[in-house]
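Chain letters run A, B, ... following the sequence lines, proteins first and then strands; every chain starts at 1. Computed from a predicted structure; not experimentally measured.
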Amino acid sequence: MVVTHSTRWVVAVLAFAGLFAAAGSLPSAQAQQAAAQRNRVVIQVSDGDQAKWNLALNNARNLQADLGANNVEVEIVAYGPGIGMLKLDSPVAGRIDEATAAGVKIVACEITMKGQKLARADMLNAVGYVPAGVVELMSRQQQGWAYIRP
Amino acid sequence: MVVTHSTRWVVAVLAFAGLFAAAGSLPSAQAQQAAAQRNRVVIQVSDGDQAKWNLALNNARNLQADLGANNVEVEIVAYGPGIGMLKLDSPVAGRIDEATAAGVKIVACEITMKGQKLARADMLNAVGYVPAGVVELMSRQQQGWAYIRP
Amino acid sequence: MVVTHSTRWVVAVLAFAGLFAAAGSLPSAQAQQAAAQRNRVVIQVSDGDQAKWNLALNNARNLQADLGANNVEVEIVAYGPGIGMLKLDSPVAGRIDEATAAGVKIVACEITMKGQKLARADMLNAVGYVPAGVVELMSRQQQGWAYIRP
């Protein structure tokens, strides 16, 4: 029996479908696993409570100590009553400097700053900014970061 | 050289496997990406603290303001000492009405209500109900929602 | 028209690619769905507040009551000021025993214990241990567990 033109068409479709499926799905599974294995933690600070600020900074330090600072990304997001942690007169100012020097990203919510009439000049130098703290916390989780709320 | 019956069988298996793999895996990858890009946030209220109730409502409002109300789903789950936020005499009753009118879903935990001998008649009209607040919070995260605990 | 050697090579590649894609991607999709459907919840206790300890234990109990104890895995991680929940003199010691007897896993953070000069002899018998509570909370979320912070 001979191979017909329609059989050859089936073979061509198969070649496309099979190889496309292999190319599309296998790296995707690997990518998912790689993404799952990356250590990324976003820490929320929304209390106006110095003990909580220290606890959040302890959490960041312990993540780095246990996993190795090069093996984990840590971001602290302060908003609402937590914004005081990042002001110039913050009682934990020294620890903020240490944490950012150690590679922890620390950001302030600009919605909160506007509400409390705070300018960037009122905030610690080491601090970064996000338009909305709550959106940052959502986005990080969407990107696969773990969430910790001390 | 001719195509044997066994070769045709291989082609048939390939057609099934290749197309099934393509049909099964590629839409799945697309679906996952689409799901990841949807903005969905569940907000937990479990403190008996009016400042926290306002903060949770601020979080919901800021999510809608920053992303556009049509681009984000927000659900507030109140349980334990947080249930007071949703009672008829709630000090934030006006804001609850505004939030639900703006599309925020707000639900009360029926286990908590039973424990505190609260009937639906004791709760604000705008409020919805879930059998167990903690199970709702788990389910939403399983469905890919971000979790915020103000 | 006859099948050439090169055509047979294409068929062989197709067989490999198609079947490999099917074997690789379809169980993976099933596994993902199965993983998503497993009910697993990690509960954080980081407040030195007896009311929060009871609320965390209520959350664990309600998860088991609503879903069936065999249908949900629950782990409570105590760290920072929350460590008091698991000490020998804990006011909720009886409830800790009940919860672990009911299948809830309860673990103490060894970094916190070291900081507070607590030995295992100072802790309730039912308690387990993790090197770093915050790392445990990250790992569980990476594994797909939902996170609850009462």
Side-chain angles (χ1 to χ4, degrees), chain A residues 1-5 7-8 10-30 32-33 35-44 47 49 51-52 54-56 58-68 71-74 141 144-150, chain C residues 1-4 6-29 31-32 35 42 44-49 77 79-82 109-112 114-115 130-150:
Chain A
M1 191 184 195
V2 298
V3 179
T4 65
H5 283 288
T7 304
R8 282 198 293 173
V10 166
V11 168
V13 167
L14 276 174
F16 184 77
L19 294 175
F20 191 62
S25 67
L26 296 180
S28 169
Q30 290 171 339
Q32 282 168 23
Q33 194 155 14
Q37 287 170 345
R38 288 174 58 191
N39 297 317
R40 300 175 301 176
V41 181
V42 63
I43 298 176
Q44 172 183 316
D47 288 320
D49 173 356
K52 284 287 170 62
N54 275 305
L55 187 56
N58 291 350
N59 284 183
R61 186 190 59 200
N62 291 339
L63 282 162
Q64 291 190 323
D66 191 78
L67 299 165
N71 300 321
V72 60
E73 284 181 82
V74 183
Q141 290 180 68
W145 292 50
Y147 167 95
I148 302 284
R149 196 278 192 209
Chain C
M1 190 184 199
V2 298
V3 179
T4 65
S6 66
T7 305
R8 281 199 292 174
W9 186 83
V10 167
V11 168
V13 168
L14 275 173
F16 183 76
L19 294 175
F20 191 63
S25 67
L26 297 178
S28 169
Q32 282 168 22
V42 64
Q44 172 183 314
V45 175
S46 54
D47 289 319
D49 173 356
V77 178
Y79 75 90
C109 168
E110 292 185 316
I111 294 179
T112 301
K114 194 176 172 187
V130 293
V134 68
V135 174
E136 179 74 3
L137 291 163
M138 179 200 74
S139 299
R140 288 308 193 191
Q141 291 181 68
Q142 286 176 336
Q143 293 161 12
W145 292 49
Y147 167 94
I148 302 284
R149 197 279 194 207

| remark: Note: A/P150 and C/S46 closest approach over all heavy atoms is C-OG, 3.7 Å
| said: Just to verify, what does A/D47 make a side chain to side chain donor-acceptor pair (under 3.5 Å) with, not counting sequence neighbours? | reply: A/K52, A/R149, B/K52
| task | Please report the shortest heavy-atom distance between A/R40 and C/M138, naming the atom on each side. | result | N-SD, 4.5 Å
| remark: With chain C, the option among A/V41, A/L63, A/N58 that has the most non-hydrogen atom pairs under 4.5 Å is A/L63
| task | Step by step, work out the side chain to side chain contact (heavy atoms under 4.5 Å, CB included) result for C/Q141 and A/I148. | result | CA-CA 10 Å; C/Q141 291 181 68; A/I148 302 284; 4.1 Å; yes
| remark: Residue from A/I43, A/V72, A/N59 scoring the most non-hydrogen pairs under 4.5 Å with chain C is A/N59
| query | Measuring heavy-atom distances to chain C, does A/L55 have an atom under 4.5 Å in its side chain, in its backbone, in both, or in neither? | reply | side chain
| request: Could you pull out all residues at least two apart from A/R61 that satisfy salt bridge (Lys or Arg N to Asp or Glu O under 4.0 Å)? | output: none
| said: To the nearest 0.5 Å, what is the distance between CG on A/D66 and OG on C/S139? | reply: 8.5 Å
| message | Let me confirm one number: the CG-OG1 distance from A/N62 to C/T112, rounded to the nearest 0.5 Å. | response | 7.5 Å
| request: Tell me, for A/L67 versus chain C, whether the close heavy atoms (under 4.5 Å) come from the side chain, the backbone, both or neither. | output: side chain
